[in-house]
Amino acid sequence: MGSLSTKLSGENRNVNENPHNDIVQPDLGILLLGLPLSGKSTIFRQLTLLHKGEYDEESLKMLTPVIVHNTLTSICNILQFLTDSNSLNLLEDPQTSDDARTLLEFEKNISEKRVSDDIWDCIERLWANKLIRQSVDKLDHNEYFLLDSACYFLDNVSRMRDPFYKPNNNDVMRYYIRTTGFHELNINLKNQNKSTVKVLDCGSDHRRWVHALNSRFREKVVVFCVSLSDYNLMRYRDQHTNRLHFSLTLFESLLKKIDENVPIVLLLNKVDLFKQKLEKISLKVCFPDYEGSDVVEEACQFIRQKFEVLSEIEGREIHSFVTCAIDLESSGTLWENILGCSSISEGGFSDGE
């Protein structure tokens, strides 16, 4: 496994850049908007795999250090939580304690080091520890950042440590890197009257989205991504603002800025994590006025209605879908449904039925 010092800032550009530069003005612009960690970049990758096929060898090679870094950061954040809560001494086993100290020391300058077999051994031994696995459920995600896919990556360490490791589609859909700036993808839609489409992942800085909203396309669709599982979390560096509440505030603001003839699609994402979390944490922590059960369908409908009320106040129609962005099997159907929405079809993007 190579050094982790590979430059990551150009990853999205190289992986997703359009090889066909002859498309001047696409028929349709799909603008992906949403808070950090809402899943919009995962949706972007979803469309890349659907319409461009498998990532090439060079792109996968660039992704490898990103995924390895995600894995190492995940286990180290869990260990840091255990250290800060004085729980490491409960592990008792001297080997486990030594492994934890080794990894936390390694992390201090992680980008400049190669991942040796000894480090991989430490990770595998630590993740095999029952108490460490159980600590994930106790970790305060408002204080300690832990990737949604942390457990997935740690479960696959034996594959990642292979010197010839090559990320598969599941790995590609789950890695995390902060999106900076706009990233674009040109695709062709099958069985559509207007076939050329530019997809824009508009980044995590919502103050810059106005530039995307003002971009010139023959037709535009705004896709606003919301993480359902954010309902009990606070914004990064703002521990007074709930993430889901802020998504509602941001959505309300966008409704006032989006041209009335532009269709709006709401993607309620991460329903898989939302379902798991509801078994432990009630939706009432976010919405005290919620009187329903913590069954995922009922909770989803309540959140959907919160957004619909805002759109009705502005006299706008929205098309909402509950989804799991990492689920490639259902993604094709999802986008058929999105592009089949009535107002989009009226703009010339129906399948003719």
Side-chain angles (χ1 to χ4, degrees), residues 28-40 43 200-215 217 219-235 238 240-271 274 278 282-323 325 334-335 337-347 349:
L28 174 65
I30 298 177
L31 310 182
L32 299 177
L33 309 178
L35 291 181
L37 302 171
S38 63
K40 61 186 179 301
I43 294 291
L200 284 180
D201 178 354
C202 298
S204 56
D205 187 352
H206 61 87
R207 294 166 297 184
R208 300 181 60 192
W209 291 350
V210 64
H211 301 299
L213 295 175
N214 292 332
S215 57
F217 297 102
E219 301 285 347
K220 263 187 296 195
V221 178
V222 169
V223 178
F224 188 75
C225 301
V226 176
S227 171
L228 289 167
S229 61
D230 278 356
Y231 71 95
N232 70 318
L233 300 177
M234 300 298 165
R235 290 187 66 202
D238 178 5
H240 301 289
T241 305
N242 177 278
R243 289 190 198 173
L244 190 48
H245 287 175
F246 189 67
S247 282
L248 284 161
T249 300
L250 204 54
F251 185 71
E252 182 179 23
S253 175
L254 281 172
L255 288 171
K256 303 177 188 299
K257 299 175 182 177
I258 300 172
D259 292 342
E260 61 180 15
N261 62 332
V262 175
I264 301 172
V265 174
L266 175 69
L267 288 187
L268 299 175
N269 189 29
K270 302 189 181 182
V271 66
F274 184 51
L278 281 173
S282 172
L283 187 59
K284 292 180 185 293
V285 302
C286 181
F287 300 109
D289 60 328
Y290 180 61
E291 298 179 351
S293 69
D294 287 322
V295 174
V296 65
E297 291 81 7
E298 190 173 359
C300 282
Q301 183 58 25
F302 180 84
I303 295 174
R304 188 200 304 260
Q305 288 173 349
K306 289 286 186 181
F307 285 91
E308 289 177 345
V309 166
L310 295 177
S311 64
E312 289 170 2
I313 292 174
E314 295 297 324
R316 301 296 300 268
E317 179 185 8
I318 63 172
H319 310 278
S320 57
F321 301 88
V322 176
T323 186
L334 170 67
W335 282 98
N337 291 335
I338 289 175
L339 293 168
C341 292
S342 58
S343 60
I344 300 176
S345 298
E346 290 167 5
F349 297 95

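Scope of the values below: all heavy atoms of this structure, side chains included, with no hydrogens, waters or symmetry mates. Given the structure is predicted, the values throughout are model-derived calculations rather than measurements. Here, residue 1 is the first one in the sequence, and each next residue gets the next number.
Between L35 and S247 the shortest heavy-atom distance is CD1-OG, 3.2 Å. The two atoms that bring D259 and R316 nearest to each other are O-NH2, 3.1 Å, heavy atoms only. Across every non-hydrogen atom of E298 and G292, the tightest pair is OE2-CA, 3.2 Å. The shortest heavy-atom contact between L255 and E314 is CB-CG, 3.9 Å. When every heavy atom of K270 is checked against every heavy atom of S227, the shortest pair comes out as CD-OG, 3.3 Å. Listed here is the closest heavy atom pair of G39 and A325: O-CB, 4.4 Å.
Put simply, the side chain of W335 reaches to within 4.5 Å of the side chain of I43, judged on heavy atoms. Side-chain atoms of N242 and M234, non-hydrogen and from C-beta on, do get closer than 4.5 Å to each other. Annotation: side chain of D230 is not in contact with side chain of F246 (no heavy-atom distance under 4.5 Å). Residues V222 and L254 fail the side-chain proximity criterion, which asks for heavy atoms closer than 4.5 Å.
Rounded to the nearest 0.5 angstrom, K220 NZ and L200 CG are separated by 10.0 Å. Rounding to the nearest 0.5 Å places CG of L37 at 9.0 Å from OG of S229. Between atom CD1 of residue I318 and atom CZ of residue F307 there is a gap of 8.0 Å, rounded to the nearest 0.5 Å. Atom-to-atom distance recorded for S253:OG and W209:CH2 is 9.5 Å, nearest 0.5 angstrom. Within the model, atoms NE2 of H245 and CG of L250 stand 14.5 Å from one another, a figure rounded to the nearest 0.5 Å.
Taking the six-membered ring for Trp and the full ring otherwise, Y231 and F287 have centroids separated by 6.0 Å or more.
A donor-acceptor pair under 3.5 Å is formed between the side chain of N269 and the backbone N or O of S38. Listed for the D294 side chain is a donor-acceptor partner under 3.5 Å among the backbone atoms of L283.
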